[in-house]
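To start, the structure itself, in structure tokens.
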Amino acid sequence: ELKPSFKRVLTDVSPKVDTPGQFFLYFHTKKKRVPQLLAPKTRWPINSKMEKRIVEKLPLQDMSIASLAQQIRQGRLSSVELTECCLSRIESLDSKLGAFRVVCHERAMAEARAAEIALRAGQDLGPLHGIPYAAKDLFDVRGLPTTAGCSLLEDNIAGSDAWAIQRLNQAGMILLGKTNTVQFAYSGLGINHDHGTPHNPWRTEPFIPGGSSSGSAVAVAAGLTPIALGTDTGGSVRIPSSLCGTSGLKTTVGRISRAGVYPLSWTLDSVGPLTRTAEDASLVYACLQGVDLNDDTTWGLPPQDVLKTLRDGVRGLRLAFAESVFWEDAHPEVERAVRECGAVFKDLGAYISSIDFAEAEEARQLQPSAVIIAAEAYTVNKKWVEEHYDELDPVIAVRLVKGKTISATEYLENLLACKRLQARVNRTVQDVDALLVPTTILPSSPVAEVDGNAKVYSECNLTYLRNTSIGNIVN
């Protein structure tokens, strides 16, 4: 006997190139309530034999980090077997998907064997120990090039690991390789005319994966890796997560060190994971956060215990639809899906309301000119713009060069405007735990439609960045 109100539709299960749009239905018997809000495929307290069978029958490439970690500790799976599975899928599928820039086969297998030996010896480093991951090609990995999506940087060999890589290594994770990105991480569409555009795995024909963490999203969505690192300056974790159907966490600047990450904007850059579930994102975030002397934005921020209350779900949380520019011109299916999730949260015990969020419009007015990002991106990449302009991806070069003409006064005025806006936003949302808004106002679009010419590309890029960039501006 099934109670319809307890039906949950999960769309983030097993994207494959030949089977887009598939989903699973999960049911609870009417004698049981839904115990908590859970993301797709996450490990949860098993409350019925049916639920247990569903978890056990998921193929490895569809399982969450939490479930994989449990299987490893139960002796039903080894780190070597899991890594071999990921590498095999990369070898079989990535020639079509184009998610990876570099695959570290020998390194990954060596790290997997080391993790397996340590775990058998009782040296358990935590829930990430023995789990494979990938890193966006902005993160320095010792001995590998950090190209930032640009062929001109093929000889840019890292002499040391980025902070995030160091932390995941210390947690016993296994690096599979580096994923493709938009050139210099400067676009929300995911298109790269230099290294190639990763293929959104939910479609047989080329659709945009979202950017700039395009390869990371495709790799997770297609089951090539359980987790991939990304960065977010205007939406570069959240947009590809939205368009590829993964969980994506844009962290507040200062929570995770950017040391060793190729910068786009030192004011707005943030590091975040792309995963299969919210729980997985929490596990990775808990590992990555902390003070780093090489990134002053992390100084003085106490760590957050994001795992302690994770399984409490949303019961008692104050969630609000932000009624503002977020919804303007939104695709009907996008609006309906986001509105319906409010009903799900309400059934799970959250308090749902709506608030006027006028600050979003002011943030949007700051976004089209993107003065802060433009000025800082040009400063970082001045050498390439001035000396190799014609060798750059043309849609990126034309954006970078705009930063050259921004005055110091204009730049500082924008920084000050953002600070004032952030203070007002904090007052507006002081009685709310989270806002419910569409990540992007459109679903994924065909590459041919958005990449027809420079004008269309620019307009589409601003459209996909519109909502997410507001989050970056208000931090």
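Bear in mind that the values here come from a model prediction, so they are computed numbers and not experimental data.
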Where [X] and [Y] come nearest, the two heavy atoms and their spacing:
X: I72; Y: G130; value: CD1-O, 4.0 Å
X: S187; Y: Y457; value: OG-OH, 2.7 Å
X: T83; Y: A112; value: OG1-CB, 3.4 Å
X: S257; Y: D292; value: OG-OD2, 2.6 Å
X: A228; Y: V220; value: N-CG2, 3.7 Å
X: G188; Y: L465; value: CA-CD2, 4.1 Å

For the [atom1] atom on [X], are there more than 12 heavy atoms of other groups (residues, nucleotides or ligands in this structure) within a distance under 6.0 Å?
X: E106; atom1: CD; value: no
X: D155; atom1: CG; value: no
X: E91; atom1: CD; value: no

| field | Salt bridge R339-E323, side-chain N to carboxylate O under 4.0 Å | value | yes
| For E116 and R113, what are the C-alpha separation, side-chain angles and deciding distance, and is it a salt bridge (charged side-chain N to carboxylate O under 4.0 Å, His left out)? | CA-CA 5 Å; E116 188 170 327; R113 287 189 287 269; over 6 Å; no
Any non-hydrogen side-chain atom of [X] less than 4.5 Å from a side-chain atom of [Y]?
X: D137; Y: N180; answer: no
X: I191; Y: V395; answer: no
X: P132; Y: L82; answer: yes
X: C244; Y: P209; answer: yes
X: E359; Y: V474; answer: no
X: S216; Y: L229; answer: no
X: Y186; Y: N461; answer: no
X: L176; Y: L87; answer: yes

| message | If you apply the rule side chain to side chain contact (heavy atoms under 4.5 Å, CB included), what do you find for K419 with Q422, and how did you get there? | response | CA-CA 5 Å; K419 291 293 183 183; Q422 289 167 10; 4.0 Å; yes
Does [X] reach the main-chain N or O of [Y] with its side chain, forming a donor-acceptor pair under 3.5 Å?
X: D269; Y: L264; answer: yes
X: R167; Y: Q289; answer: yes
X: W163; Y: V261; answer: no
X: S67; Y: M63; answer: no
X: N467; Y: P438; answer: yes
X: T439; Y: I239; answer: no
X: T379; Y: A375; answer: yes
X: N381; Y: W384; answer: no
X: Y464; Y: P443; answer: yes
X: T181; Y: A148; answer: no

| Parallel, tilted or perpendicular: rings of F326 and F357 (30°, 60°) | parallel
| task | Kindly indicate, with the supporting measurements, whether the criterion side chain to side chain contact (heavy atoms under 4.5 Å, CB included) is fulfilled by L60 and L68. | result | CA-CA 8 Å; L60 290 182; L68 292 168; 4.0 Å; yes
Rounded to the nearest 0.5 Å, how far apart are [atom1] of [X] and [atom2] of [Y]?
X: L128; Y: Q170; atom1: CG; atom2: CD; result: 12.0 Å
X: L415; Y: I372; atom1: CG; atom2: CD1; result: 4.5 Å
X: T225; Y: I227; atom1: OG1; atom2: CD1; result: 6.5 Å
X: R276; Y: D62; atom1: CZ; atom2: CG; result: 6.5 Å
X: E154; Y: T146; atom1: CD; atom2: OG1; result: 11.0 Å
X: S79; Y: M109; atom1: OG; atom2: CE; result: 10.0 Å

Indicate whether any N or O donor in one side chain lies under 3.5 Å from an N or O acceptor in the other, for [X] and [Y].
X: S236; Y: S213; result: no
X: D194; Y: S151; result: yes
X: S270; Y: D232; result: no
X: S212; Y: K136; result: yes
X: E376; Y: T267; result: yes

| task | Walk me through it: do T275 and D280 pass the test side-chain hydrogen bond (donor to acceptor under 3.5 Å, both in side chains)? | result | CA-CA 6 Å; T275 61; D280 287 357; 5.2 Å; no
| task | Might you work through the side chain to side chain contact (heavy atoms under 4.5 Å, CB included) test for W266 and V253, ending with a clear yes or no? | result | CA-CA 9 Å; W266 56 84; V253 174; over 6 Å; no
| task | Assess whether side chain to side chain contact (heavy atoms under 4.5 Å, CB included) is satisfied between N472 and R238, documenting all intermediate values. | result | CA-CA 11 Å; N472 297 88; R238 291 159 293 157; 2.5 Å; yes
